[in-house]
Amino acid sequence: MTTVDPDELLTKAKAPVLVTQSSMPPMEEYFAEIASLWDSKWLTNRGEKVRSLEAALGEYLSVKNGTLFANGHLALETLLAAMDLEGEVITTPFTFASTTHAIVRNGLTPVFADIKADDYTLDPAAVEAAITPRTSAILAVHVYGGLCDVDALQTIADRHGLAVIYDAAHAFGVERDGIGAGTFGDASMFSFHATKVFNTIEGGLATVKDPQVVERLHKLQNFGISGPERVTDVAGNGKMNEFAAAMGLCNLRYIDGEIKRRSVVDAQYRANLADVPGITFLAKQRGVTQNHAYLPVRITEDEFGVSRDRIYEDLKQNGVTARKYFFPLVSDFEAYAGKFDSSDTPVARRAANEVLALPMFSDLAAEDVDRITTELLNLHFEGRV
Ligand code: T4K
């Protein structure tokens, strides 16, 4: 029988747990993948690794016309530019800053519509009500990896002649009835940031329905350069480099195991907290695969006994960093002060006050999940006395 060092146990029990942790391939595998770069000396500007990764992702995500970018935000911002939109874009305030900033930085006006209470994605009825003669597009977010109501949004868009773009930053590998998330609408963006299910350290992918837009994306991610002596657009630099693409090629070999291990963590959370009043997990959607990108739980204070913010603080004191994704709503950002009123989107406002993303990553130890859920149960019982 092995003896357990009590000091070691204590240190282990108190080890901090962050909301997520990057997944990395074996170090030797990455070194082997990048070794050829020392021969080619070709480090960026649509090199061999970038092109191989685009092909591999096309197959994995069942998408055509994928273009890699330096990060997800630039992919989205460039997509909007490539689509020549004008006027207003209807979008959700319950998202990361990037979604709205991409609209505004393109000189377009975001119009916030409310979300659905069960999966936090745009409510199609609210979208339709927000359409004006100036609307040119809908920019919806597959938040936490749950799919938007793509059929309803497409029907509305077709009826009003609008483009549909998906911020699929969270939806890597998500499919509905075998159809990849990146094939819905006119275009989608995936983020490959270090904190995502699949990462290229920093990175993103833009996928488009119209193959002609791809040429434009290549141009707009490279200063608007059209040929050796021609610059036809005023654009920045959004290209992915070869070292990032090499990380992606390695991580892609492990992605199925990554998602599987996350599903085990997800199941443990759900089992440990099943039937606790006031805790609601993200609803599973019919026919939609999950990638377990995040572990959002909704805390209804009346039933649970304490508030989401109290849980957040308590976990923090116990070395566990959960995150209030997405608080505040974008419409409440200082950067947009005086421009929007978040009381126009009451469902989103409530979600921003009640949702907490608990730690989720494939290497999250079972004992850490137990430690987190035990703390939640303690708070629940404390809140009820
Ligand atoms: N649209 C949506 C809906 C998005 O959620 C995002 C990004 C985008 C667009 C834009 O895509 P990118 O341009 O980022 O590709 C994080 C990420 O930076 C951001 O990518 C992500 N969404 C957002 C939801 O979360 P922060 O400010 O919460 O990250 P940070 O630095 O606090 O990291 C969170 C935890 O992750 C850390 O506590 C530890 C862990 N971590 C972090 C880093 C940077 C690692 O394990 N390794 C790392 O390298 O924004």
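Each ligand, and each atom within it, is numbered from 1 in the order the structure gives.
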**Request:** Run the contact test for T95 against ligand 1 with a 4.0 Å cut-off on heavy atoms, strictly below, and give the result.
**Result:** yes
Measure the distance from [atom] to every protein heavy atom, then report the residue, atom name and distance (to 0.1 Å) of the closest one.
{"atom": "atom 27 (O) of ligand 1", "value": "R323 NH2, 3.7 Å"}
{"atom": "atom 5 (O) of ligand 1", "value": "H170 NE2, 2.7 Å"}
{"atom": "atom 44 (C) of ligand 1", "value": "H193 CE1, 4.1 Å"}
{"atom": "atom 35 (C) of ligand 1", "value": "V19 CG1, 3.8 Å"}
{"atom": "atom 28 (O) of ligand 1", "value": "Y325 OH, 2.5 Å"}
{"atom": "atom 41 (N) of ligand 1", "value": "T195 CG2, 3.9 Å"}
{"atom": "atom 23 (C) of ligand 1", "value": "F96 CE1, 3.6 Å"}

Roughly how far, to the nearest 0.5 Å, is [atom2] of [Y] from [atom1] of [X]?
{"X": "L43", "Y": "K49", "atom1": "CG", "atom2": "NZ", "answer": "11.5 Å"}
{"X": "N71", "Y": "L74", "atom1": "CG", "atom2": "CG", "answer": "4.0 Å"}
{"X": "I90", "Y": "L122", "atom1": "CD1", "atom2": "CG", "answer": "8.5 Å"}
{"X": "D370", "Y": "Y269", "atom1": "CG", "atom2": "OH", "answer": "10.0 Å"}

**Asked** atom 31 (O) of ligand 1: protein heavy atom closer than 4.0 Å?
**Response**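 Not a single protein heavy atom is under 4.0 Å away.
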**Asked** Which is closest to atom 19 (C) of ligand 1 in terms of heavy atoms, M24, H101, K196?
**Response** K196
**Item:** Heavy-atom proximity to atom 1 (N) of ligand 1, best of T20, N71, D167, T100
**Value:** D167
**Prompt:** Which part of Y294 is near ligand 1, with near meaning a heavy atom under 4.0 Å away: side chain, backbone, both or neither?
**Reply:** side chain
**Prompt:** Given that the side chain starts at C-beta and the backbone is N, CA, C, O, which of these parts of S22 lies under 4.0 Å from ligand 1, counting heavy atoms, or is it both or neither?
**Reply:** both
Distance under 4.0 Å to a non-hydrogen atom of [X]: what atoms of ligand 1 satisfy this?
{"X": "Q21", "result": "46 (O)"}
{"X": "S98", "result": "8 (C), 9 (C), 10 (C)"}
{"X": "G203", "result": "15 (O)"}
{"X": "A194", "result": "48 (C), 49 (O)"}

**Prompt:** Can you tell me if N251 and Y30 form a side-chain donor-acceptor pair at under 3.5 Å?
**Reply:** no
**Prompt:** Do S343 and D341 meet the criterion of a side-chain donor-acceptor pair at a distance under 3.5 Å?
**Reply:**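 Yes, D341 and S343 have a side-chain donor paired with an acceptor closer than 3.5 Å.
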**Message:** Parallel, tilted or perpendicular, judged at 30° and 60°: which one describes the rings of Y336 and F333?
**Reply:**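 If you compare the ring of Y336 with that of F333, the planes turn out parallel.
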**Asked** Between F190 and F172, how do the two ring planes meet: parallel, tilted or perpendicular, split at 30° and 60°?
**Response**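 F190 vs F172 ring planes: perpendicular.
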**Sidechain-backbone polar pair: E375 side chain, L315 backbone, donor-acceptor under 3.5 Å** =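 Here the side-chain-to-backbone pair does not exist.
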**Prompt:** Does a salt bridge link E354 with R308, judged by any charged N lying under 4.0 Å from a carboxylate O?
**Reply:** no
Below 3.5 angstrom, do we get any N/O pair linking [X] and ligand 1?
{"X": "L18", "value": "no"}
{"X": "S191", "value": "yes"}
{"X": "H73", "value": "yes"}

**Request:** Of all the heavy-atom pairs spanning H73 and A102, show the shortest one and how long it is.
**Result:**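 So the two residues come closest at CE1-N, 3.7 Å.
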**Asked** Does the pair D332 and S342 meet the rule for a side-chain hydrogen bond (donor to acceptor under 3.5 Å, both in side chains), with working shown?
**Response** CA-CA 6 Å; D332 284 330; S342 60; 3.0 Å; yes
